[in-house]
There are 2 protein chains.
Amino acid sequence: MHKPKRTPKGRRSADSGERAYKAIRKQLVEFKLKPDQRINEMALAKSLGVSRTPIREALNRLASEGFIALTPNRGFFFKALDIDALLDLYELRAMIECGAFTLMCERASDAERDRLKDFWDGVKADYRERDPDDILVLDEGFHLLIAELSGNPEIVNQLKAINARIRFIRRIQIQHVSHDFDMVNTHSQIVDAAMKRDVAAGTALLKSHIEMTVSGAQRALKDALLNVYMEKSDSSSGRRASRPR
Amino acid sequence: MHKPKRTPKGRRSADSGERAYKAIRKQLVEFKLKPDQRINEMALAKSLGVSRTPIREALNRLASEGFIALTPNRGFFFKALDIDALLDLYELRAMIECGAFTLMCERASDAERDRLKDFWDGVKADYRERDPDDILVLDEGFHLLIAELSGNPEIVNQLKAINARIRFIRRIQIQHVSHDFDMVNTHSQIVDAAMKRDVAAGTALLKSHIEMTVSGAQRALKDALLNVYMEKSDSSSGRRASRPR
DNA sequence: GTCAAGAAAAGTGTAGACAATTGTGCAGAC
DNA sequence: GTCTGCACAATTGTCTACACTTTTCTTGAC
């Protein structure tokens with residue numbers, strides 16, 4: 001009695017809409033498609049082994065989230081995240097995070113703000129030794145926790161949506177370890193400001209923290225675009241072929 | 001050149017997905033559905049004269065935008081906009097608009113800021129005499145123009161999305177004309193601050209302007225919910241039966 | 001009368017087919 | 001050689017059908 005849901009052949013097994021959404025978003029986030037490239041629904045459907053219906057559902061969701069654009073009767077296009085859009089998103093992110101920090105200082109209880117401190121104390125020691133994927137998760141987690149402690153779920157949602165769109169760049173950026181050190185330090189300072197409910201210090205730190213990463217992000221994006229246009233069809237280099245995770 | 005798109009019979013004419021989206025959103029925005037009510041796709045499809053496919057597309061979009069929620073295998077539910085969510089959205093809106101104002105002061109040229117002044121000068125005279133629908137459009141337009149002048153299109157998008165979700169409440173609120181007067185006055189003061197690039201004054205005005213409307217919005221929401229639960233199924237009153245448009 | 005279990009009904013999730021539109025290539029005019 | 005039409009191919013938008021899941025209804029035990 002271990003789930004009688006046998007899957008005799010290639011029959012419907014799970015929520016393929018959700019799977020399609022995640023798979024496609026992964027491709028977008030990793031720049032598997034070229035900017036402004038048309039997205040072929042049938043090709044996607046075949047490659048994921050489902051029909052066009054869940055594909056279209058996923059594409060519609062992605063369009064709502066700003067990843068892709070829909071032109072009537074011509075289909076979906078991968079919306080290039082150009083430098084301008086990147087700056088805009090970072091700017092919006094800084095704005096929202098500063099607001100969240102302010103609200104947190106005004107409203108979060110001591111116990112709640114302790115959660116932020118505990119979180120950061122728990123990871124800061126070996127933060128720099130972790131691999132980039134972990135760092136990304138932890139960094140997003142840190143900033144999201146501030147958003148949560150603001151007590152405003154809408155802020156959390158917005159921040160999550162923004163994070164998804166800039167995640168790929170941040171991922172590259174983290175590999176360029178240049179200012180990793182500052183990050184650890186700055187996060188600690190932000191925690192200190194939070195414990196003291198020091199709005200001015202915290203927002204100033206956040207603002208410069210995020211804005212400082214912008215120049216790095218620009219470089220990362222340039223690299224990414226270069227890679228995309230250089231074409232990855234030369235399968236010669238298996239640099240990251242057998243990545244364990 | 002008046003669109004040669006004839007529609008011989010009941011044949012597929014235009015993008016029914018878009019029409020469905022707008023129609024459904026209108027129903028949501030106007031609280032035609034009860035909070036937490038399950039949305040029946042087939043019924044919607046029949047009432048709009050299309051199949052379930054464009055309906056589902058529209059529902060997915062609306063779910064991405066936060067209007068409704070999707071529970072797997074159980075369908076879409078109208079997400080009640082309760083008092084808390086309303087406050088959260090107003091808070092987020094204030095945060096974003098203050099940020100937009102700041103950016104506008106930093107970056108918009110004199111000519112651009114003149115656009116704001118011209119816009120407001122053009123409508124403020126007979127602002128209070130207009131009907132509520134016009135006022136709503138003008139008010140949203142005023143605030144959106146600030147967002148546009150920030151030079152950050154992502155801010156504009158966010159603000160539009162938020163506006164859509166609180167539009168119904170604002171519409172009711174405007175009818176309760178109580179603080180209409182303050183609105184005209186405050187908008188003028190905001191324009192003044194913008195012309196002087198006075199960030200502190202402008203953001204303070206915006207913040208209190210938006211927060212001041214919160215209490216009104218709360219009352220409006222209470223009224224709306226009351227109406228919804230009082231039921232409109234008594235078709236005796238044809239109050240808005242033959243509404244021309 | 002209440003509750004439980006099972007059957008029937010209703011509804012969602014996905015597939016596949018067709019209609020409408022857009023894109024492409026070929027033939028012929030100039 | 002280039003351009004204009006026109007047929008044909010590719011692709012999107014929508015519909016219908018059906019499998020699976022959830023909900024409702026019915027029936028019978030207690």
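Convention: sequence-line order gives letters A, B, ...; per-chain numbering from 1. These figures come from a predicted structure and were not determined experimentally.
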**Prompt:** Is it true that atom CZ of Arg115(A) has more than 12 heavy atoms of other residues, nucleotides or ligands lying nearer than 6.0 Å?
**Reply:**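 Result for CZ/Arg115(A): open.
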
[N] [atom2] sits how many Å from [X] [atom1], rounded?
X        : N       : atom1 : atom2 : answer
Leu70(A) : dT11(D) : CG    : C1'   : 13 Å
Leu48(A) : dT14(C) : CG    : C1'   : 14 Å
Asn40(A) : dT11(D) : CG    : P     : 5 Å
Leu59(A) : dT11(D) : CG    : P     : 15 Å
Glu57(B) : dT14(C) : CD    : C1'   : 14 Å
Arg52(B) : dT14(C) : CZ    : P     : 11 Å
Asn73(B) : dA10(C) : CG    : P     : 19 Å
Arg56(B) : dG13(D) : CZ    : C1'   : 16 Å

**Asked** Would you say a side-chain N or O of Thr53(B) is under 4.0 Å from OP1 or OP2 of dT14(D)?
**Response**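 No.
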
**Prompt:** Quick one: is dT14(C) close enough that its OP1 or OP2 comes under 4.0 Å of any side-chain N or O from Ser16(A)?
**Reply:**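 Result: yes.
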
**Asked** Given side chains that start at C-beta, do those of Leu159(B) and Leu144(B) come closer than 4.5 Å, heavy atoms only?
**Response**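 The answer is yes; the side chains approach within 4.5 Å.
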
**Asked** Sub-3.5 Å donor-acceptor pair from the side chain of Glu148(A) to the main-chain atoms of Leu145(A), do we have one?
**Response**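 Pair absent, no side-chain N/O of Glu148(A) close to backbone of Leu145(A).
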
**Request:** Would you mind classifying the nucleic acid contact of Arg38(A) as base, sugar-phosphate or nothing, using non-hydrogen atoms under 4.0 angstrom?
**Result:**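 Arg38(A): backbone/sugar contact only, no base atoms under 4.0 Å.
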
**Message:** Over all strands shown, is Ile39(B) touching base, sugar-phosphate only, or nothing at heavy-atom distances under 4.0 angstrom?
**Reply:**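 The residue Ile39(B) makes sugar-phosphate contact but no base contact.
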
Show me the donor-acceptor pairs, under 3.5 Å and distance only, between side chains in residues 62-71 of chain A and residues at least two apart or in other chains.
from     : atom 1 : to       : atom 2 : distance (Å)
Ser64(A) : OG     : Asn60(A) : O      : 3.4
Glu65(A) : OE1    : Tyr21(A) : OH     : 2.7
Glu65(A) : OE2    : Tyr21(A) : OH     : 3.0

**Message:** Among Met95(B), Arg170(B), Gln218(B), Glu211(B), which residue satisfies the side-chain contact (heavy atoms from CB on, under 4.5 Å) criterion with Tyr90(B)?
**Reply:**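 The passing option is Arg170(B).
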
**Shortest side-chain distance from Glu41(A), nucleotide among dG13(C), dT14(C), dT12(D)** =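 Selected nucleotide (nearest to the side chain): dT12(D).
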
**Prompt:** Pairs counted as Watson-Crick or G-U wobble with both distances under 3.5 Å: what dot-bracket string results for DNA chain C, using | for bases tied to another strand?
**Reply:** ||||||||||||||||||||||||||||||

**Message:** Please give me the minimum heavy-atom distance between Gly151(A) and Arg107(A), naming the atom from each residue.
**Reply:**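 Nearest pair, atom of Gly151(A) first, then Arg107(A): C-NH2, 4.4 Å.
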
**Request:** Taking only Lys NZ, Arg NE, NH1 and NH2, and the carboxylate oxygens of Asp or Glu, determine whether Arg171(B) and Glu140(B) approach each other closer than 4.0 Å.
**Result:**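 No, this pair does not count.
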
